[in-house]
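Worksheet: the structure to be examined is printed underneath.
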Amino acid sequence: MSRYSWLSERLLPWYREHRRELPWRRTTNPYPIWLSEVILQQTRVDQGLAYWQRFMEHYPSVTDLAAAKEDEVLKLWQGLGYYSRARNLLTAARQVVERHGGHFPADHNALLQLKGVGDYTAAAIASIAFGIPEPVVDGNVYRVLARLLLISTPIDSTAGKREFRERAAELLDAQAPGDHNQALMELGATVCTPRKPLCHQCPLADKCLARAHDAIDRLPVKVGKTKVRIRHFNYLHIEGPQGLVMERRGPGDIWEGLHQLPLVESTKALGSKGLLNSLRTFLPGAVPTARSERVVHVLSHQRIQAVFWRVSIALEPEFSSDRQWVPKDRIHSVAVPRLVERWLNGELPEKRV
DNA sequence: GAAGCGTGGCC
DNA sequence: TGGCCAAGCTT
């Protein structure tokens, strides 16, 4: 019996009454549950739901997914962000097929070995699909526990991670670990929200130490502030009878594996003269004829200032397996960053050079 | 252990 | 507007 039976007595009835009906909650099949957990990493349900449905339709089983091509998976993932999740998803599916005969292992440590499955996701699958008593600690749990127990240790510190995991393990209801974990997360997502939490609807309100100390809006505590790098991207729109020149982004930078227009990066914003100068080496004989307005695209750690240039060429660009003409009717079959998609869809204002 | 990785919504 | 936040993981 848990030392915190009062928590289960409040939390589980609340969850059963208020939980959102989500498709991956209708099953204990680990495949759709795993898929939902990976999609929902750093992602809201509202944003991820359609992607989950799309993946389930294309790949009804982990074996189907394992047989897919990476470009196809990236295309399905397009727009969801953090694209390493998509590449890791495919790798993990193949690991499940090859190492476990197509069945997810009912074991926390074995799950942890899967690519893209970390502490949180392994615990989520173990508890929700298999009923294994592993505590999950995600952003919601950090927030709920910080407030409920008045913990001011920064959640992005090593000490904080250890402390919150210990508390979560103590609080876990080993009789219903899946529901317990989901209830804690659901409470954080819908009631104990970062701003303007709905304390009057909270089943734990009278137990909440932060509420008693009027400290709710100061918890949880975070220390880290990420600094943002500014970059200037000049995309080259080179169109010909054979289509559009596109290239595939390589490893070691953002948007790995996605496609784009040929890119000239500069240290500062370029005018048409500046671009012409850069093109002298990058694409001899090329001349800019039109451009988009400057568009700012914000990523978690970078701020991209981009201009799309229409360019006429005298010589063929250099091609490789990663840069080639893409026929017009194939352009929308390759995965591109949102920024590039906006240009290709004609959503960016254009002007003369 | 810190840094890097997308996109969209909210105020 | 700019900053914060969202069911984290990898290197």
Side-chain angles (χ1 to χ4, degrees), chain A residues 19-20 22 24-25 32-52 74 77-89 91-92 111-125 127-129 135-144 154-162 164-165 168 178 180-190 192-197 217 220-231 249 251-258 260 296-304 335-342:
Chain A
R19 71 177 195 169
R20 293 167 288 179
L22 301 169
W24 50 84
R25 286 183 171 161
I33 291 170
W34 162 71
L35 183 61
S36 75
E37 294 301 341
V38 175
I39 286 175
L40 294 179
Q41 288 167 8
Q42 302 286 282
T43 304
R44 287 187 173 79
V45 169
D46 288 345
Q47 194 189 357
L49 177 57
Y51 286 84
W52 182 89
L74 282 171
W77 198 273
Q78 173 178 309
L80 196 54
Y82 286 139
Y83 297 93
S84 64
R85 288 184 296 168
R87 299 192 306 273
N88 292 340
L89 191 78
T91 301
L111 289 166
L112 265 180
Q113 302 307 311
L114 299 175
K115 200 75 173 170
V117 174
D119 218 35
Y120 162 78
T121 305
I125 299 170
S127 62
I128 298 169
V136 301
V137 188
D138 74 335
N140 291 307
V141 175
Y142 277 122
R143 188 169 53 256
V144 170
I155 61 174
D156 54 352
S157 65
T158 305
K161 285 173 184 143
R162 187 181 65 246
F164 279 88
R165 194 172 194 293
H180 171 98
N181 283 334
Q182 292 186 87
L184 223 42
M185 293 190 283
E186 190 79 349
L187 187 69
T190 62
C192 193
T193 50
R195 283 172 310 226
K196 297 185 180 180
D217 53 3
V221 173
K222 262 190 198 177
V223 288
K225 27 189 171 287
T226 63
K227 52 177 150 188
V228 174
R229 178 158 69 119
I230 296 180
R231 302 173 75 178
R249 290 185 64 84
D253 201 347
I254 56 174
W255 298 324
E256 178 181 344
L258 273 66
Q260 62 183 9
V296 177
H297 188 82
V298 180
L299 288 71
S300 53
H301 289 65
Q302 301 186 23
R303 186 183 178 88
I304 311 291
V336 298
R338 277 290 289 134
L339 173 61
V340 175
E341 191 189 29
R342 289 172 65 195

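A note on names: the letters A, B, ... follow the listed sequences, proteins ahead of strands, and every chain is numbered from 1.
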Considering every strand and a 4.0 Å limit on heavy-atom distances, what is the contact class for [X]: base, sugar-phosphate, or nothing?
X        : result
A/Gln302 : sugar-phosphate
A/Leu22  : base
A/Ser36  : nothing
A/Arg44  : base
A/Arg25  : base
A/Leu299 : base
A/Gly48  : nothing
A/Val298 : base
A/Asp119 : sugar-phosphate
A/Arg20  : base
A/Ile39  : nothing

* Asked: Does A/Asp119 pair with A/Arg165 as a salt bridge, N-O distance under 4.0 Å?
  ->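 Looking at A/Asp119 and A/Arg165, the cut-off is met.
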By nearest atom, which of the nucleotides [options] is closest to the [X] side chain?
X        : options              : value
A/Asp138 : C/dC5, B/dG1, C/dG8  : C/dG8
A/Tyr83  : C/dG8, B/dT7, C/dA6  : B/dT7
A/Tyr82  : B/dG8, B/dG6, C/dA6  : B/dG6
A/Ser300 : C/dC5, C/dC9, B/dG6  : B/dG6
A/Gln42  : C/dA6, C/dT10, B/dC5 : C/dA6
A/Pro194 : C/dC9, C/dA6, B/dG6  : C/dA6

* Asked: Hey, are A/Gln41 and A/Tyr120 close enough side-chain-wise for a donor-acceptor pair under 3.5 Å?
  ->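 The criterion, which ignores hydrogens and geometry beyond distance, is not satisfied for A/Gln41 and A/Tyr120.
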* Quick one: on DNA chain C, does A/Arg195 or A/Trp24 contact a more 5' nucleotide (nearest heavy atom)? ->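 Its nucleotide being nearer the 5' end, the pick is A/Arg195.
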* First encountered from the 5' end of DNA chain C, between A/Gln47 and A/Lys115 ->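 Of the two residues, A/Gln47 wins.
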* For B/dT7, does OP1 or OP2 lie under 4.0 Å from any side-chain N or O of A/Thr43? ->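 No, A/Thr43 has no side-chain N/O under 4.0 Å of OP1/OP2 on B/dT7.
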* Do the side-chain N or O atoms of A/Trp255 get closer than 4.0 angstrom to the phosphate oxygens (OP1, OP2) of B/dT7? ->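 Result: yes.
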* Residue whose nearest DNA chain B nucleotide is more 5′ - A/Pro337 or A/Thr158 ->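 Nearest-nucleotide comparison on DNA chain B picks A/Thr158.
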* C/dC4 to B/dA3 separation - P atoms, rounded to the nearest Å ->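 One P to the other, the span is 16 Å.
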* Between C/dT11 and B/dG6 - P atom distance, rounded Å ->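 About 14 Å, rounded to a whole number of Å.
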* **Check: A/Ile254 main-chain N/O paired with A/Arg249 side-chain donor or acceptor under 3.5 Å** =>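 Yes: the side chain of A/Arg249 pairs with the backbone of A/Ile254.
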* Ignoring hydrogens and angles, tell me if any N or O in the side chain of A/Arg85 forms a donor-acceptor pair with the backbone of A/Ile39 under 3.5 Å. =>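 Yes, because the side chain of A/Arg85 sits within donor-acceptor range (under 3.5 Å) of the backbone of A/Ile39.
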* To do: On the 0 to 90° scale, with breaks at 30° and 60°, tag the A/Tyr51-A/Trp77 ring pair as parallel, tilted or perpendicular.
  =>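 Aromatic pair A/Tyr51/A/Trp77 classed tilted.
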